[in-house]
Amino acid sequence: MPRITLPDGSVREYAEAVSGAQIAASIGPGLAKAALGVKVNGELSDLNRVIDRDAKVAIVTEKSRDGQLDADALYLLRHSAAHVMAEAIQRLKPGTQLVYGPPVDNGFYYDMRFPEGGGLSSDEFAEVEKIMAEIIKENRPFCRYDMPVDEGMKKLQSEGSKYKLDNAEKAIEAGSDRLSFYATGQPGKDWEDLCRGPHVPSTGRIGAFKVMSLASSYWHGDENSDRLTRVYGTAFANQKDLDHHLKMLDEARKRDHRVIGKQLHLISLNEDVGTGLVLWLPNGAVIRRELEEFLRKARSERGFVWVNTPHIGKLNLYRTSGHFPYYADSQFPPLVDPETLSASLLAHGGGCACGDLANAMASPEVDGFLLKPMNCPHHIKIYEAQQHSYRDLPVRLAEFGTVYRYEQSGECHGMTRVRGFTQDDSHIFCTPDQLSREIDIDIELARMVLAEIGLNDYRVRVGLRDPSSSKYVGSAENWELAEKVCIESAKGMGVPMTMEPGEAAFYGPKIDFVAKDSIGREWQLGTVQVDYNLPERFGLNYIGADNEKHRPIMIHCAPFGSLERFIGILIEHFAGDFPLWLSPEQVRILMISEKFADYAAKVKAAIDAAGGFRARIDDSPERLQAKIRRATEEKTPYMLIVGGKDAEAGTVSIRHRTEGDIGSVPLDQFVEMLREEVSSHGRSTVLSAVRDS
RNA sequence: GCCACCGUAGCUCAGUGGUAGAGCACUCCCUUGGUAAGGGAGAGGUCAUGGGUUCAAGUCCCAUCGGUGGCUCCA
């Protein structure tokens, strides 16, 4: 007599074991029709799974109760669509072997091995989709059946797929005592696949799908293993959601910061300078400078002091910090002392001794310099430059510090993944008593930054150690302590929080801010990291009230992360329509004809006299329409159109880059509105002020 | 780093073995105008680089460099 507890807390009793479908039907016919699967005590299952004991049960439908697309429903739909796609491709390309086909963030993929010379081309997607549509139209049920391990292995051996056998072996290693299969239709007759499930009840429930792209992959992700073709697809409960998803992808393409960055002359990437090295053009440099000045002020108000450090440091510094040689693969090779270099060359008759040199670098006797991969070691040396009393603490150091990391060539991407970048870095050195308050200061700063930029939809992610990895430095006790403090601080923020093992920095846990941009994509931005380990490695201390030496705790904080990445993300978030305070050019003055050049100059002089604005006169011989078009394409927030009428009345006619003509106001009034929009960071705008007046 | 695709004027791109093209941008001339392209003329290219095949290569082959997508990675 199972007692079933539903998500709203209500309890239903059933006389005998029931399936998810029966529970749904007993609640209502609408739910029975909408049900895609069932969650039993948190475990996602097929809708027809039989429940024979007391359990918490939730019926999975396409939308969760808050009206959002339900993640479990998408999982079921996509996993099921992967089977349908695999069947379609196997029908189109006989002899194709299947490897592994899971749902992923925005859809699903299936790794496949095509027969010699029989690969799939993206031109054939339409054919695949056509077959998929047929399978879906047939509305065949997904039928699960399982068998003991030895029987299942025999079945797979007879089918001869080494990949599926491997999957089964993996499942057995993980402790499965039975192997399950899913037939799309009737077992033994229709297409089937070794699969853990679960699936939607039948193919007809896959409302909308699309085969997206091809990529290559390796078996087990190992480049020495078999090369596979990964076919990506996506699926949704209905066409509307799929269309929305495709529109978002299109929107994301249009917002690509590499394209807009070029169009608006913000940055340049030049192969002669090097992969992953950003050149800031004058327009991009304006945005960067505004953000730097904004943060400089905010930090100074919070008791940070500014320091500067060089771009390189001796190897021993990074041996102490733990950066070298442990992360040698992701660093530029060390710069060697001239003496070391010549000695090494002499010893080898002037020939190349790179290998020997590399070996020598790994030993502590040989020194050289490293382009700094992080700023912390330098800041630690600044802390060490004086003796500290507990009365001095906390010491809050800040710097826009440029660091260099040797990202693999395939990893560099526009501004968001680069080899040289400037962190808005800070390090707080404090006593254990001060730790919680200092973390709060950093968290408040990071939240203020997001609010001023207008990124108000974010969550925090607490990055914890991966217990199975050995890449971390420091004692287990320190890690536990630091993780505890981070979790508590993050909990106190009142925003959604996740904890993710394996996401910690190598020296300590971190609190990352993950913000959603204007089209719903998530980006990791600022970060606050607690660190007991570097102070330990460097033997830092302060003199306590007891006249004894104590170890300070460090907090690393970078609200932007890096300026390159942050601005790259902002370009995509705003699609180039930067808020006025960040816009490279804020106002463009367009005169109707050269006859009004004097008035245009007067307008510009009035704006310049107000101080701190970026305005320009377009004095090209073009017609007004052409000037408007150009200023709009260049995303200048406000165009001031001036002609005889304006000169006479002392007004400016304002055109907004996206709203068009918004009317005219007296010149001095416009300047005041402009000042208000810049200083309020867009909370009040010229646009709204003109419309309200 | 691995796999695939790509590299033609400042930018976006066409050109599939037979005399290097278009639009925009640029320079000059005409046009002086009220809310997203006025007209005309001109200049601009060792077709990424280096080899090879061919009577003939932007085009086919190889290598190198660079880019894009994906994999792996991301302190």
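Every value quoted in this text rests on a predicted model; they were computed, and no experiment measured them. Only this structure's heavy atoms are used, side chains among them; waters, hydrogens and symmetry mates stay out. Per chain, numbering begins at 1; letters A, B, ... match sequence-line order.
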K.L.:
Report the distance from atom NE2 of A/H378 to atom OH of A/Y318, rounding to the nearest 0.5 Å.
P.N.:
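Output value for this atom pair is 4.0 Å.
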K.L.:
CG of A/L228 versus C1' of B/rU72: gap in Å, rounded?
P.N.:
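Nearest whole value for this atom pair: 14 Å.
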K.L.:
Using the P atom as the reference point in each nucleotide, state the distance between B/rG21 and B/rC3 in Å, no decimals.
P.N.:
39 Å
K.L.:
With salt bridge (Lys or Arg N to Asp or Glu O under 4.0 Å) as the test, would you mind laying out the steps for A/R691 and A/E659 before giving the verdict?
P.N.:
CA-CA 11 Å; A/R691 286 187 169 164; A/E659 300 298 311; 3.5 Å; yes
K.L.:
Mark up nucleotides 65-71 of chain B, 5' to 3', with B wherever a protein heavy atom is under 4.0 angstrom from a base atom, S wherever such an atom reaches only the sugar-phosphate, and - elsewhere.
P.N.:
-SSSSBB
K.L.:
Can you tell me how far C1' in B/rA48 sits from the matching atom in B/rU8, rounded to whole Å?
P.N.:
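Rounded to whole Å, the distance is 10 Å.
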K.L.:
Quick one: list whatever passes side-chain hydrogen bond (donor to acceptor under 3.5 Å, both in side chains) with A/D618, sequence neighbours left out.
P.N.:
A/S620, A/R630
K.L.:
Expressed in whole Å, how much space separates the C1' atoms belonging to B/rU32 and B/rA14?
P.N.:
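So the two C1' atoms sit 37 Å from each other.
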K.L.:
Only pairs with both distances under 3.5 Å count, Watson-Crick or wobble alike; so what is the partner of B/rA63 in this structure?
P.N.:
B/rU49
K.L.:
Step by step, would you call A/K372 with A/T309 a side-chain hydrogen bond (donor to acceptor under 3.5 Å, both in side chains)?
P.N.:
CA-CA 10 Å; A/K372 67 179 173 187; A/T309 62; 2.7 Å; yes
K.L.:
If you take the centroid of each ring, where Trp contributes its six-membered ring, are A/H427 and A/Y383 closer together than 6.0 Å?
P.N.:
no
K.L.:
Could you check how far CG of A/D618 sits from P of B/rU32, rounded to whole Å?
P.N.:
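Result: 18 Å.
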K.L.:
Could you give the distance separating B/rG52 and B/rU68 at their P atoms, to the nearest angstrom?
P.N.:
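One P to the other, the span is 32 Å.
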K.L.:
Side chains of A/Y638 and A/V652: closer than 4.5 Å at any heavy-atom pair?
P.N.:
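Counting from C-beta outward, A/Y638 and A/V652 never come under 4.5 Å.
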K.L.:
Checking A/S475 now: which residues fulfil side-chain hydrogen bond (donor to acceptor under 3.5 Å, both in side chains) with it, not counting sequence neighbours?
P.N.:
A/N478
K.L.:
Check the interface with nucleotides 9-11 of chain B: list each N/O to N/O pair with the protein under 3.5 Å, or write none.
P.N.:
none

K.L.:
Would you measure the distance from the C1' atom in B/rU12 across to the matching atom in B/rC26 and give it in whole Å?
P.N.:
16 Å
K.L.:
Which nucleotide, if any, forms a Watson-Crick or G-U wobble pair with B/rC71, using both distances under 3.5 Å?
P.N.:
B/rG1
K.L.:
Donor-acceptor pair, A/R78 side chain versus A/A235 backbone, under 3.5 Å?
P.N.:
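Flag set: sc A/R78 to bb A/A235 pair under 3.5 Å.
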K.L.:
What's the spacing between A/D531 CG and A/K510 NZ if we round to 0.5 Å?
P.N.:
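Here the interatomic distance stands at 12.5 Å.
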K.L.:
Roughly how many Å apart are B/rC74 and B/rA4, using the P atom of each and rounding to a whole number?
P.N.:
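Between the two P atoms, the distance is 25 Å.
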K.L.:
If we take the C1' atom in both B/rC60 and B/rA25, what is their distance in whole Å?
P.N.:
35 Å
K.L.:
Provide the distance between the two C1' atoms, one in B/rG50 and one in B/rG10, to the nearest whole Å.
P.N.:
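Approximately 26 Å lies between the C1' atom of B/rG50 and that of B/rG10.
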K.L.:
Below 3.5 Å between N/O atoms, which protein atoms pair up with nucleotides 46-48 of chain B? Just atom names and distances, please.
P.N.:
none

K.L.:
For B/rG18, what is the paired nucleotide under Watson-Crick or G-U wobble rules, both distances under 3.5 Å?
P.N.:
B/rC55
K.L.:
Using a distance-only criterion (donor-acceptor N/O pair, under 3.5 Å, no hydrogens), is the base of B/rC74 paired with the side chain of A/R565?
P.N.:
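For A/R565, whose side chain was compared with the base of B/rC74, there is no donor-acceptor pair (under 3.5 Å).
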K.L.:
For the pair made of CG in A/L264 and P in B/rU12, what is the distance, rounded to whole Å?
P.N.:
14 Å
K.L.:
CG/A/D646 to OG1/A/T651 distance, rounded to the nearest 0.5 angstrom?
P.N.:
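Rounded to the nearest 0.5 Å, the CG-OG1 separation comes to 4.0 Å.
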K.L.:
Report yes or no: is the cationic atom of A/R565 (NZ for Lys, CZ for Arg) closer than 6.0 Å to the six-membered ring centre of A/F560, at no more than 45° off its axis?
P.N.:
no
K.L.:
Do the side chain of A/H656 and the main chain of A/L687 share a donor and acceptor less than 3.5 angstrom apart?
P.N.:
no
K.L.:
I'd like to know whether OH of A/Y100 has more than 12 heavy-atom contacts from other residues, nucleotides or ligands below 6.0 angstrom.
P.N.:
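No, OH of A/Y100 has 12 or fewer neighbouring heavy atoms, counting only those of other groups under 6.0 Å.
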K.L.:
Find the partner of B/rG42: check Watson-Crick (N1-N3 plus N6-O4 or O6-N4) and G-U wobble (N1-O2, O6-N3) distances, both under 3.5 Å, and reply none if neither fits.
P.N.:
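Partner of B/rG42: B/rC26.
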K.L.:
What does nucleotides 33-39 of chain B look like as a protein-contact string, B for base, S for sugar-phosphate only, - for none, at under 4.0 angstrom between heavy atoms?
P.N.:
BBBBBB-
K.L.:
State, with a plain yes or no, whether a side-chain heavy atom of A/R230 is found less than 4.5 Å away from one of A/Y110.
P.N.:
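The answer is no, as the side chains (C-beta and beyond) never meet within the 4.5 Å cut-off.
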K.L.:
Return the value, rounded to whole Å, for the distance between atom CD of A/Q331 and atom P of B/rC74.
P.N.:
14 Å
K.L.:
Round to the nearest Å and state the distance from A/H265 atom NE2 to B/rA25 atom P.
P.N.:
12 Å
K.L.:
Within this structure, what is the CZ-CD distance for the pair A/R616 and A/E585, rounded to the nearest 0.5 Å?
P.N.:
5.0 Å
